[in-house]
Amino acid sequence: MNKEEKIKSISIQNASTILDALKRMDKTFKRLLLVFEGSEFINVLSIGDIQRAIIKNQSLDTPLEKILRRVTRVANIADSFELIKSQMLKYKAECMPVLDKNKQLSDVYFWEDVFPVERKPVKKQLNLPVVIMAGGKGTRMKPLTNVLPKPLIPIGNKSILEDIMQRFSDVGCNNFFILCKL
């Protein structure tokens, strides 16, 4: 997926609801969205913003414009890549929107593109069956688990379940059994 498609996939309109944002995050496996009013960039919406709104008993029908934070770190088009990179590292920013002199979105730097993770080759292949216990209620992760079951909560680009399965797959385990309580 190129950067333009990536930006489009995580873009949402200001008048959309919290539920719309959660659905978009679930579909894209991202923990943040770029919020626009028409074509004008407004802000970044994170899963933390949604958590805070839910904790404050905001309805899932609440428009995003009512829960957006007042200040978000953004870069200026004149900023060097090294400055943007250092700001992302300093603030652990998953993305850094870059605005032009008219405050229009010019570019977005994503953490995974700026700080790529190198996968080390695995020497030993286990080829064992894996049993994943997924029968809990997820009470420690409320209010997120009010909307999504814990195994489907996004962590980075993947859900928790996908991340667990990928890690086992990396060592040759590809036969999975998921136990859940009905």
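Because the structure is a prediction, the values reported are computed rather than measured.
Just one of Val44, Asp49, Leu45, Ile42 meets the side chain to side chain contact (heavy atoms under 4.5 Å, CB included) condition when paired with Thr72; it is Val44.
Between the side chains of Asp61 and Thr17, not a single donor N or O lies within less than 3.5 Å of an accepting N or O.
Remark: Lys6 NZ is packed, more than 12 non-hydrogen atoms of other residues, nucleotides or ligands lying under 6.0 Å away.
In plain terms, the two heavy atoms of Pro129 and Phe177 that are nearest each other are CB-CE1, 3.9 Å. Taking every heavy atom of both residues into account, Cys173 and Leu126 meet most closely at SG-CB, 3.8 Å. The two residues Pro154 and Lys30 make their nearest non-hydrogen contact at CG-O, 4.3 Å.
Cluster membership for Val35 and Ile54, using ILVMFWY side-chain heavy atoms within less than 4.5 angstrom, is shared. The hydrophobic cluster containing Ile155 also contains Phe110, counting ILVMFWY residues as joined when their side-chain heavy atoms lie under 4.5 angstrom apart, directly or transitively. The hydrophobic cluster containing Leu68 also contains Leu22, counting ILVMFWY residues as joined when their side-chain heavy atoms lie under 4.5 angstrom apart, directly or transitively.
A cation-pi contact, defined as under 6.0 Å to the ring centre and within 45° of the axis, is absent between Lys103 and Phe41.
Tyr91 belongs to no multi-residue hydrophobic cluster, having no ILVMFWY side-chain contact under 4.5 Å with any other such residue.
Annotation: side chain to side chain contact (heavy atoms under 4.5 Å, CB included) contacts of Asp26 (sequence neighbours excluded): Leu148.
The NZ atom of Lys158 sits 11.0 Å away from the CE atom of Met165 when rounded to the nearest 0.5 Å. Here the straight-line distance linking atom CD1 of Ile12 with atom CZ of Arg24 works out to 5.5 Å at 0.5 Å rounding. Atoms CD and CD1, on Glu65 and Ile67 in that order, are 10.5 Å from each other to the nearest 0.5 Å. The structure places CD1 of Ile50 at 9.0 Å from CG of Leu60, a figure rounded to the nearest 0.5 Å. Between atom CD of residue Glu5 and atom OG of residue Ser9 there is a gap of 8.5 Å, rounded to the nearest 0.5 Å. Separating the NZ atom in Lys66 from the NZ atom in Lys56 is a distance of 13.5 Å, to the nearest 0.5 Å.
Put simply, the side chain of Glu40 never gets that close to the backbone of Glu37: no donor and acceptor are under 3.5 Å apart.
Ring orientation note: the planes of Tyr109 and Phe81 are tilted relative to one another, at an angle of 30° to 60°.
For the pair Arg167 and Glu162, the salt-bridge criterion is not met [side-chain N within less than 4.0 Å of a carboxylate O].
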